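Following: one structure in structure tokens, then a few remarks.
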Amino acid sequence: MSLNDLTQGAIAQMVQTSDPSSSVQNPVCQILSIKKIQASAASASSMGDRYRIILSDGVNYAQAMLASQKRSMVESGELEKHCLVRISQYASNSVQGRRILILLDLNVVHQPTADRIGSPTNVDDSIKPEGGVKQEGGAGGALGNSNVGNNSAGRTTPATSAAGAGKVGGGAAGRPGGSSVHAGMPIYPIEGLSPYQNRWTIKARVTSKSDIRHWSNQRGEGKLFSVNLLDDSGEIKATGFNDAVDRFYSMLQENHVYLISKARVNIAKKQFSNLQNEYEITFENSTEIEECTDATDVPEVKYEFVRINELESVEPNQTCDVIGVLDSYGELSEIVSKASQRPVQKRELTLVDQGQRSVRLTLWGKNAENFPNHAGVDEKPVIAFKGVKVGDFGGRSLSMFSSSTMLINPDITESHVLRGWFDNDGAHAQFQPFTNAGGAGGAMGGGAANMAERRTIAQVKDENLGMSEKPDYFNVRATVVYIKQENLYYTACPSDGCNKKVTPDHEGNWRCEKCDRSYEQPEYRYILSTNVADATGQIWLSGFNDDATKLMGMSAGELHKLREESESEFTAVLHRAANRMYTFNCRAKMDSFNDQARVRYTISRAAPVDFAKAGAELADAINAYM
DNA sequence: CCCCCCCC
């Protein structure tokens with residue numbers, strides 16, 4: 001092996017061009033080193049580690065990243081230190097002022113040699129950066145071309161790269177006119193996109209599309225949506241704001257393929273993406289999108305299904321793909337998000353598969369509302385989900401993200417297998433649901449799900465519920481012994497959903513710091529603290545306005561009014577509220593009070609006991625012993 | 001320019 005086996009000077013050309021199609025073609029280089037980069041925690045999911053490669057053309061060496069879809073070349077041992085490769089597709093990205101090559105496609109043309117060929121020097125030392133001139137062009141559209149211009153004009157380049165310089169400029173100039181999205185433009189791999197070039201067209205499949213979301217904050221308000229895009233090199237998230245929503249939202253359909261160009265490429269905020277890409281796309285005014293009917297070369301969505309009975313092996317909060325037969329689906333209901341205080345629509349599905357387990361999956365928002373409108377949902381269809389969140393409520397549960405996708409009766413092998421199984425056997429099978437917390441509950445086990453959650457007060461304490469990081473959920477059937485009179489309610493902001501404490505101001509109005517305004521009247525809201533008991537012990541529970549209103553038999557405002565009229569009437573109400581039995585759904589969670597860690601038990605729902613039903617349940621539990 | 005993904 002000698003220098004002549006390498007494409008000398010190729011690397012200087014490769015790193016300086018923003019347009020590989022007009023730069024050196026199929027250079028042969030030597031691999032000087034391969035180093036694994038640990039996948040970051042945020043992106044550690046499915047894409048795994050990546051590899052940094054030092055590449056030499058005998059004259060220069062440069063750092064390069066191996067495209068993630070070529071990772072297996074290293075892992076299989078095919079790509080080794082000191083072997084020679086022909087690079088058939090690459091991109092050159094500028095990252096924090098340094099140019100980094102991305103090797104998108106390559107093949108090994110010679111087995112490892114004894115040592116490095118020649119005495120290559122760092123390409124960064126050979127190419128002088130222009131004195132303080134940033135590579136970004138002007139605003140928006142001009143950005144991408146600037147590198148090409150700089151290369152052929154002012155940039156001082158060493159002799160090694162002289163051969164390619166003219167070609168770089170000429171290739172770019174010879175491009176067909178810019179009006180058409182893609183005419184004559186080579187299709188660019190998603191993996192090769194970077195913020196420093198905008199002369200690209202990608203051909204990508206929409207793998208997921210979000211709802212339109214509206215936002216309003218200090219910086220303004222607007223609407224947006226996002227899609228995930230896939231080609232055979234990788235995936236990228238794309239977002240459209242405001243006008244882009246109107247232009248593209250209805251056009252972009254899940255599973256369809258589009259030619260997309262003239263969009264902005266930004267550094268990805270990886271904490272908000274489950275895709276493996278340094279960058280993400282924003283649709284702009286200049287962005288052009290065109291549906292592409294010839295989509296055979298763009299990969300289909302790939303699923304990696306986890307069987308329902310294997311969900312326990314998936315860490316909570318990870319996403320996964322799940323397929324199952326829809327055993328049943330629930331009514332549309334509404335919860336109020338604790339974080340946003342906004343109401344959210346939800347609907348729960350129950351999925352089953354051959355593993356004799358069932359799992360609940362929650363749909364949100366429009367997905368929840370529209371679910372019954374899909375064809376076939378009442379005929380126990382097979383449904384495939386991609387990218388659903390695994391939760392640990394009740395053992396394991398599933399929940400849609402906005403980036404998750406749901407396909408009813410997809411035409412894939414797993415779907416047909418499930419259909420066959422269900423129609424033959426599954427329809428008559430029994431499925432064990434993931435049941436609630438602990439799993440211990442021996443005595444109550446095997447009964448209805450709500451019996452399994454039930455604890456005696458002694459068990460709540462013995463089992464140290466709420467002592468771990470995550471909250472524990474349980475219910476107790478207990479009698480109200482005492483309701484604390486102090487701080488039974490507070491003066492809350494009457495503004496819808498605010499609920500912050502308001503204080504009297506100088507003008508006799510009620511001031512809310514959060515809303516930054518005053519109100520004539522506060523809204524009174526309960527903050528209940530009640531001692532409840534069952535046969536095994538007593539416990540203090542905290543309750544909020546809705547449940548407390550139920551316990552007290554009147555609103556906090558009414559109670560306050562009553563108390564102002566008559567203190568004895570007020571205490572009478574408290575006495576009447578006591579000695580009643582409820583089933584309390586509770587949440588146990590650590591918090592700190594006066595710097596002391598303690599477990600706080602919060603009522604999430606209090607329901608009066610239906611004694612006939614409760615008696616029947618107890619009889620069933622006893623019968624289960626026989 | 002969002003960044004929430006909720007509840008039991």
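Naming convention: chains lettered A, B, ... in sequence-line order (proteins, then strands); numbering from 1 in each chain. The structure displayed is predicted, hence computed values, not measured ones.
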With heavy atoms under 4.0 Å as the rule, sort [X] into base, sugar-phosphate or nothing.
X: S402(A); value: base
X: S397(A); value: nothing
X: R213(A); value: base
X: S226(A); value: nothing
X: K389(A); value: sugar-phosphate
X: Q218(A); value: nothing
X: K346(A); value: base

| Under 5.5 Å between ring centres and under 30° between planes: does that hold for W215(A) against the base of dC1(B)? | no
| request: Output yes if the stacking criterion (under 5.5 Å between centres, under 30° between planes) is met for F272(A) over the base of dC3(B), else no. | output: yes
In this structure, how many angstroms lie between the [atom2] atom of [N] and the [atom1] atom of [X], rounded?
X: N266(A); N: dC2(B); atom1: CG; atom2: P; result: 12 Å
X: Q345(A); N: dC4(B); atom1: CD; atom2: P; result: 21 Å
X: D547(A); N: dC8(B); atom1: CG; atom2: P; result: 10 Å

Kindly say if [X] contacts the phosphate of [N], meaning a side-chain N or O under 4.0 Å from OP1 or OP2.
X: N217(A); N: dC1(B); answer: no
X: K366(A); N: dC5(B); answer: no
X: R605(A); N: dC7(B); answer: no

